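Note that this is a predicted model, so its numbers are computed, not measured. Counting starts at 1 for both ligands and their atoms, in listed order. Heavy-atom basis, side chains included; hydrogens, waters and symmetry copies ignored.
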Amino acid sequence: MTAGRYFLQIPGPTNVPDRVLRAMDRPVPDHRGPELPALVREIVDGLRQVFQTTTGEIVLYPGSGTGGWEASIVNTLNPGDHVLAFNAGFFNHYYAECARRLGMTVDEVDLPWSHGVPADLVYERLRGDVGHTYRAVLVVHNETSTGVVSDVAAIREAIRAARHPALLLVDVVSALGSLDFRFDDWEVDVAVTGAQKGLMLPPGMAILCVGGRAIAASQRATSPRFFFDWRPVLEEMRRGYFTYTPATLMLYGLREALRMLLEEGILAVVARHARLAEAVRCAVGAWDLRIFCEDPRAYSNSLTAVVVPDGANADAVLRAAERINLSLGAGLGQLKGRAFRIGHLGALGDLEVLATIGGVEMALRMAGVPVPLGSGLAAAQVSLMTYYMAPRPTAPR
Ligand code: PLP
C-alpha cells in the first residue's frame, strides 16, 4: 500500500469515517448488560428516521444484505407462494433466485438491465392476476450492478391501482442513506439493507425495516426458519436486547454513523449524493464514454456504471486503478469486462470525488482508453462550482 489515503470507490463497502472507527474502538460490552437498551433504542430511533418511517419496526442480524433478503422471504411467505420479481440487474436477479431457492414459485420477468423496473409492467401483471396468486413483489431500489434506480413510489402506486394485496419487498442495500427512500409514504412492507454502504459501517450486519402487514404475515408464514425468524428478535429488540449474540461493536459504530447522518440531515445527505453523482456524470460525459443507465430519470446517485469503448477491457481499467491506490467496481453479470463502476456513496466529499475522477482518468489512459487528461476533472469541477456559487438565501437577522 502506498502512502496517503486508499480510495475505496467501489459501490460498497464504503469508507468508514474516523468517528465511526473510534466509536467501535472500545471493550466488548456484555450484550445482556445494562448499557444495551439505551444503545438499541437510539439505533432504532435513528434508523427509523433514515428509513423515513414512524410505523416500521427495525430488525438487526449479524450478516449482510443477502441474509436480509432471506429474512424478508422466510418471514412473510410460505413455500410454493407465487412471487413477482425481475431480472433487471445482477441483484434484482439474485433476490429472485433467493426466493426460488427458498421454495417460492418465482415469476421472474426478463428486462433490459439499462432501465428501471417499469411500474406499468407491475400494474399489468397484477391486474392480470385476478385470483391474487402473487403474494409478493420483489424489487431492488438502487441496482448496484448497473447504477439504475427503480421508482418504488410508482411501483407502490401500480400495486394500489391494480387493487392487489401482494406485499412489497424492497432491497435498499445501496439506496438507504444515499437516496431518498420513504418507507411510510411508499407503503413498503419490508425494506432490506446491509451496514456497509450508505450507513458507512464495515460489512457485517443485515438491517430490516418491517411494516404491520409484513409482521402480520410472519405470524402465519410457514417457511422453516430459526435464526432469521424475526418474531422473537422483534420482541427482544423492543426490550433493548437480542435473541442471539449481536455484533456489539458494530452497534456502537452504527449509533455513531446514525448520529453523523442525522446531524447532517437526511435530506442534506440525499442532496450531497445527488451533487456528487452529477459531478461524476459530467466527467463521464466529458470523456465521451457511455453511462450504462439509458434513462436519465433513473440515474443512480450512489454509483455510476461506465461502459468502455469496443476493443477496451473494463477489467484493465480496474487493474490500472489499483496501481494508484484506487479501487473501482468490476462489471457484474452481463457487464463483466464491458463496464466498470464508480462508487460515490457514503462518507464522501467533493474533493474526494475530484480525486477519484482524476484517478479514473489516469486509469482509463493507462488501460488504453484515450480520454483527454483533465477533461472529466474540469467538467466535474464546473458542476460542483455551480452548486457552491449559486446564491444562497441569507439567514434572517
Ligand atoms: N443487494 C444489493 C443492491 C447489493 O448491492 C448487494 C451487495 O452489493 C446485495 C444485495 C448483497 O448484499 P451483501 O453483499 O451485503 O450480502
Side-chain angles (χ1 to χ4, degrees), residues 8-16 51 59-74 85-102 108 111 113 115-117 137-152 155 168-181 188 190-209 227-228 247 250 253-254 257 273 277 292-293 298-305 318 327-336 339-346:
L8 179 65
Q9 298 310 139
I10 59 177
T14 59
N15 298 289
V16 180
F51 278 105
V59 185
L60 304 178
Y61 299 102
S64 73
T66 310
W69 281 348
E70 186 152 344
S72 72
I73 291 164
V74 294
F86 307 93
N87 181 2
F90 188 85
F91 294 104
N92 268 288
H93 166 65
Y94 276 103
Y95 198 8
E97 184 60 22
C98 178
R100 193 175 290 120
R101 302 256 187 111
L102 291 167
E108 185 182 356
L111 293 172
W113 281 21
H115 289 77
V117 172
V137 176
L138 269 47
V139 69
V140 174
H141 185 196
N142 183 79
E143 176 49 71
T144 322
S145 65
T146 57
V148 176
V149 175
S150 287
D151 186 343
V152 178
I155 290 171
L168 177 58
L169 312 186
V170 185
D171 169 326
V172 294
V173 172
S174 57
L176 194 81
S178 304
L179 312 188
D180 193 19
F181 174 75
V188 173
V190 184
V192 175
T193 192
Q196 74 276 17
K197 304 211 187 223
L199 295 177
M200 310 182 291
L201 288 164
M205 243 195 227
I207 299 167
L208 285 87
C209 185
F227 179 71
F228 281 129
M250 286 193 70
L254 179 55
H273 280 80
F292 180 74
C293 177
Y299 281 155
S300 164
N301 287 339
S302 55
L303 77 135
T304 302
L318 302 191
S327 280
L328 301 171
L332 296 177
Q334 53 180 255
L335 294 192
K336 168 118 193 64
F340 63 90
R341 296 170 300 145
I342 305 173
H344 34 79
L345 73 165

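Rounding to the nearest 0.5 angstrom, the gap separating the CE atom in Met200 from the CG atom in Leu345 is 10.5 Å.
The closest approach between Gly194 and ligand 1 stays at or above 4.0 Å for every heavy atom of the residue. Under a 4.0 angstrom heavy-atom cut-off, Glu143 registers as lying outside contact with ligand 1.
Aromatic ring centres of Tyr95 and Phe91: separated by at least 6.0 Å.
Considering backbone and side-chain atoms alike, Thr144 places an N or O below 3.5 Å from some N or O of ligand 1. Checked by distance only, ligand 1 and Gly65 come closer than 3.5 Å through their nitrogen or oxygen atoms.
For Phe292, the ring pair (Phe, Tyr, Trp, His ring centres under 6.0 Å) test picks out no residue, with sequence neighbours left out. Take Glu70 and apply the salt bridge (charged side-chain N to carboxylate O under 4.0 Å, His left out) test, not counting sequence neighbours, and it matches no residue.
Each of the atoms 13 (P), 15 (O), 16 (O) of ligand 1 lies under 4.0 Å from some heavy atom of Ser64. With ligand atoms numbered from 1 in the order given, ligand 1 contributes 13 (P), 15 (O) to contacts under 4.0 Å with heavy atoms of Gln196.
When hydrogens are left out, the protein atom nearest atom 8 (O) of ligand 1 is Lys197 NZ, 2.7 Å; that is the closest non-hydrogen contact. The protein heavy-atom contact nearest to atom 6 (C) of ligand 1 is Phe91 CE2, 3.3 Å.
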Would you check, one step at a time, whether the test side-chain hydrogen bond (donor to acceptor under 3.5 Å, both in side chains) holds for Ser174 with Thr144? CA-CA 6 Å; Ser174 57; Thr144 322; 2.7 Å; yes
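By the 6.0 Å contact criterion, OH on Tyr299 is enclosed, its count of non-hydrogen atoms from other residues, nucleotides or ligands being greater than 12.
When heavy-atom distances to ligand 1 are checked against a 4.0 Å cut-off, Asp171 comes that close only through its side chain, counted from C-beta outward. When non-hydrogen atoms are compared, ligand 1 lies under 4.0 Å from the side chain of Trp69 (C-beta onward) but not from its backbone.
By the 30° and 60° cut-offs, the orientation of the rings of His141 relative to Phe181 is tilted.
With hydrogens and angles disregarded, a donor-acceptor distance shorter than 3.5 Å links the side chain of Arg341 to the backbone of Ala330.
When the options Thr66, Val172, Asn142 are ranked by their closest heavy atom to atom 16 (O) of ligand 1, first place goes to Thr66.
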